[in-house]
2 protein chains.
Amino acid sequence: MYNAVTDSFVDPQQKKSGCITCSFRELCLPVGLTDPEIEHLGNLIRHKFKVRRGEYLSHAGADFKSLYAVKNGFFKTCILKVDGHQQVTGFYMTGELLGLDAISPEKHTCDTIALVDSEVCEVPFKKLEEIGHSIPSLLRQFHKIMSREIVQDRNIMVLLGSMRAEERLAAFLLNLSTRLSRRGYSPTNFILRATREDIGSYLGLKLETVSRAFSKLQEEGLISVNIKHVTLRDIDKLNFRIGNSAE
Amino acid sequence: MYNAVTDSFVDPQQKKSGCITCSFRELCLPVGLTDPEIEHLGNLIRHKFKVRRGEYLSHAGADFKSLYAVKNGFFKTCILKVDGHQQVTGFYMTGELLGLDAISPEKHTCDTIALVDSEVCEVPFKKLEEIGHSIPSLLRQFHKIMSREIVQDRNIMVLLGSMRAEERLAAFLLNLSTRLSRRGYSPTNFILRATREDIGSYLGLKLETVSRAFSKLQEEGLISVNIKHVTLRDIDKLNFRIGNSAE
DNA sequence: CGTAACCTTGACAGACTTCAAGGTACGTGG
DNA sequence: CCACGTACCTTGAAGTCTGTCAAGGTTACG
């Protein structure tokens with residue numbers, strides 16, 4: 001079956017690598033490491049495993065030992081609120097790094113759940129720091145990844161703080177589009193792995209509002225949507241929509 | 001004049017230090033560095049300067065070279081949105097570290113503005129990374145600070161995503177309270193340095209709504225408020241209020 | 001002392017949520 | 001292979017919270 005998030009295309013970068021640390025290339029590649037160095041990393045970060053759809057990769061409150069690089073698949077992270085409801089705090093796809101929030105408290109602060117059958121590489125944090133001491137460029141790259149996480153969260157804060165429902169959804173779809181295209185997938189045609197409820201939780205909306213926003217954007221011709229299959233029809237107008245959110 | 005954020009009490013930790021890197025203790029102290037090591041750091045991170053109320057510490061778009069540790073004072077960071085309005089993305093007080101968002105893009109992503117006359121220590125990022133290589137515990141501490149920033153942002157995301165106006169304000173006040181008490185200030189009695197508009201922007205509310213929320217919490221006896229002077233009267237009930245936000 | 005910035009409160013409007021009903025897709029078991 | 005059940009999605013109508021607009025009051029600073 002067609003699946004833009006995991007199966008539709010083969011990630012070219014992963015093809016090249018061909019090693020156990022494929023998704024770890026997110027850290028390695030932009031650093032300009034030599035192949036032996038990557039090999040070195042690969043040996044230290046050996047543990048790789050599958051997480052089936054619906055399974056937990058980590059639980060809130062569990063001790064923190066490792067980060068997880070998504071080799072392939074799609075995850076959501078969510079916080080269990082006092083009232084018993086969950087709130088989704090992020091979505092993670094191939095090549096992204098899970099668990100950065102857990103470094104400080106040394107406990108996982110959220111549940112991490114696979115939305116499709118996925119594979120992750122375990123990255124023992126202590127080892128990462130050790131290696132960092134001998135490969136400064138890797139450390140720098142790690143810092144950039146953490147910083148990028150902060151920037152991403154700030155963007156969501158702006159979204160939650162000042163955008164209306166349709167703008168939020170447009171911003172969310174464009175964000176997915178960018179991240180997918182960076183990985184070699186189609187930027188305009190993809191399958192949502194999250195439910196309307198998950199998306200709503202992430203965007204600070206109720207599932208009905210998300211559904212209505214999808215319908216509205218479709219009416220306006222900016223997207224086509226058929227349940228989980230989304231096509232972006234006019235990226236410029238979608239971008240324009242975000243710029244003109246609630247003043 | 002009485003000023004809980006900057007002047008009302010003397011931060012005991014800062015008194016002990018007495019060196020140019022005072023606020024850098026946020027990084028140093030929990031690490032258990034020896035005094036000579038701290039001295040070493042102090043020599044590398046020499047540049048310290050004042051920022052007057054209303055002045056910019058950094059502008060969005062400017063090249064990133066340094067982090068800034070707040071020696072004393074109070075800052076807001078804000079993003080200029082496409083529509084020309086600003087959104088406040090964070091408040092920073094004594095001992096906190098500014099500029100973590102800029103590491104990845106190597107540009108500042110937000111404006112940083114002093115809300116009171118303040119002092120900061122400039123921390124050249126390259127030097128910080130260099131020193132990190134020889135003092136692993138310092139590096140670890142730096143990672144924790146970045147991680148804490150992520151956790152803080154996640155908390156705001158949850159707040160923006162699911163709390164009502166009064167809950168948001170209660171959460172904000174309790175957050176300030178915690179951070180102030182950690183620095184030796186009164187947890188129940190403090191001066192807000194931000195305007196209603198700034199607070200509203202941070203909490204995703206309009207200034208009128210913030211004002212009404214203050215009044216409501218006061219009516220209910222949870223706080224006393226006189227413009228910028230706030231007293232928390234019932235911290236337990238304030239906490240309870242957050243737990244019982246929109247289901 | 002006067003002006004500008006900031007805060008408070010009211011009335012009304014708008015956006016999102018809530019409640020409800022019905023439809024669609026997917027997977028499991030017969 | 002089909003039937004059925006569950007989970008998910010869509011749409012409508014009514015209600016609630018926050019935003020908007022407006023007026024007046026207070027504070028701070030030159």
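In what follows, every chain begins at residue 1, and chains take the letters A, B, ... in the order their sequences are listed.
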Item to check | Sugar-phosphate, base or nothing in reach of A/Ser211, heavy atoms under 4.0 Å | outcome: base
Checklist entry - Of all residues at least two apart in sequence or in a different chain, which pass the side-chain hydrogen bond (donor to acceptor under 3.5 Å, both in side chains) check with B/Tyr92? => result A/Arg154, B/Glu149
Item to check | Rounded distance in Å - CZ (B/Phe214) to C1' (D/dT26) | outcome: 16 Å
Item to check | Sugar-phosphate only, base, or nothing, as touched by A/Leu207 at under 4.0 Å among non-hydrogen atoms | outcome: base
Checklist entry - Using 30° and 60° as the class limits, which term best fits the ring planes of A/Phe91 and A/Tyr202: parallel, tilted or perpendicular? => result perpendicular
Next on the checklist: Once you apply a heavy-atom cut-off of 4.0 Å, does B/Thr195 come out as touching a base, just sugar-phosphate, or nothing?
Outcome noted: sugar-phosphate
Checklist entry - What is the distance from CD1 of B/Ile199 to C1' of C/dT8, rounded to the nearest Å? => result 14 Å
Next on the checklist: Using a strict threshold of under 4.0 Å (side-chain N to carboxylate O), is an ion pair present between A/Arg182 and A/Glu96?
Outcome noted: no
Please enumerate all protein N or O atoms sitting under 3.5 Å from an N or O of nucleotides 19-24 of chain C, with distances to 0.1 Å.
residue: C/dC19; atom: N4; partner: A/Glu208; partner atom: OE2; Å: 3.3

Item to check | Whole-Å gap separating C1' (C/dC16) and CE (A/Met163) | outcome: 17 Å
Next on the checklist: With a 4.0 Å limit, can you tell me whether B/Arg196 has a side-chain N or O closer than that to the phosphate oxygens OP1/OP2 of C/dC6?
Outcome noted: no
Item to check | Separation of atom CG in A/Leu169 from atom C1' in C/dA15, rounded to whole Å | outcome: 16 Å
Checklist entry - When the distance from CG of B/Leu192 to P of C/dT8 is rounded to whole Å, what number comes out? => result 10 Å
Checklist entry - Looking across every strand, which nucleic acid part, if any, lies under 4.0 Å from B/Gly204 by heavy atom: base, sugar-phosphate, or nothing? => result sugar-phosphate
Next on the checklist: What contact category does B/Lys216 fall into here, base, sugar-phosphate, or nothing, at under 4.0 angstrom with non-hydrogen atoms?
Outcome noted: nothing
Item to check | Sequence-distant partners of A/Lys216, side-chain hydrogen bond (donor to acceptor under 3.5 Å, both in side chains), two or more places apart | outcome: A/Glu220
Checklist entry - With a non-hydrogen cut-off below 4.0 angstrom, is B/Arg53 in contact with a base, only sugar-phosphate, or nothing? => result sugar-phosphate
Next on the checklist: Applying side-chain hydrogen bond (donor to acceptor under 3.5 Å, both in side chains), can you list everything that pairs with A/Ser177, at least two apart in sequence or on another chain?
Outcome noted: none
Next on the checklist: It should be established whether B/Lys206 places a side-chain nitrogen or oxygen under 4.0 Å from OP1 or OP2 of nucleotide D/dT20.
Outcome noted: yes
Item to check | Spacing between A/Lys228 atom NZ and C/dG27 atom P, to the nearest angstrom | outcome: 11 Å
Side-chain donor-acceptor contacts of residues 49-58 of chain B below 3.5 Å, not counting sequence neighbours, with atom names and distances?
residue: B/Arg52; atom: NH1; partner: B/Asp117; partner atom: OD2; Å: 3.1
residue: B/Glu55; atom: OE1; partner: B/Arg52; partner atom: N; Å: 2.9
residue: B/Ser58; atom: OG; partner: B/Thr112; partner atom: OG1; Å: 3.1

Checklist entry - Counting only side-chain N and O atoms of B/Thr209, is one of them less than 4.0 Å from OP1 or OP2 of D/dT18? => result no
Next on the checklist: Rounded to whole Å, please give me the gap between CG in B/Leu203 and P in D/dC17.
Outcome noted: 18 Å
Next on the checklist: Run the salt bridge (charged side-chain N to carboxylate O under 4.0 Å, His left out) test against B/Asp236 and tell me which residues pass, sequence neighbours left out.
Outcome noted: none
Checklist entry - Between A/Ala165 and A/Asn226, who's closer to the 5' end of DNA chain C by nearest nucleotide? => result A/Ala165
Checklist entry - For the helix from C/dC1-D/dG30 to C/dG30-D/dC1, what is the angle between the axes at its two ends, each from 5 pairs, rounded to 10°? => result 50°
Checklist entry - Separation of B/His85 atom NE2 from D/dG19 atom C1', in whole Å? => result 13 Å
Next on the checklist: Checking A/Asp198 now: which residues fulfil salt bridge (charged side-chain N to carboxylate O under 4.0 Å, His left out) with it, not counting sequence neighbours?
Outcome noted: A/Lys76
Checklist entry - Are side-chain N/O atoms of A/His108 and A/Asp101 paired as donor and acceptor at under 3.5 Å? => result no
Item to check | Sequence-distant partners of B/Ser215, side-chain hydrogen bond (donor to acceptor under 3.5 Å, both in side chains), two or more places apart | outcome: none
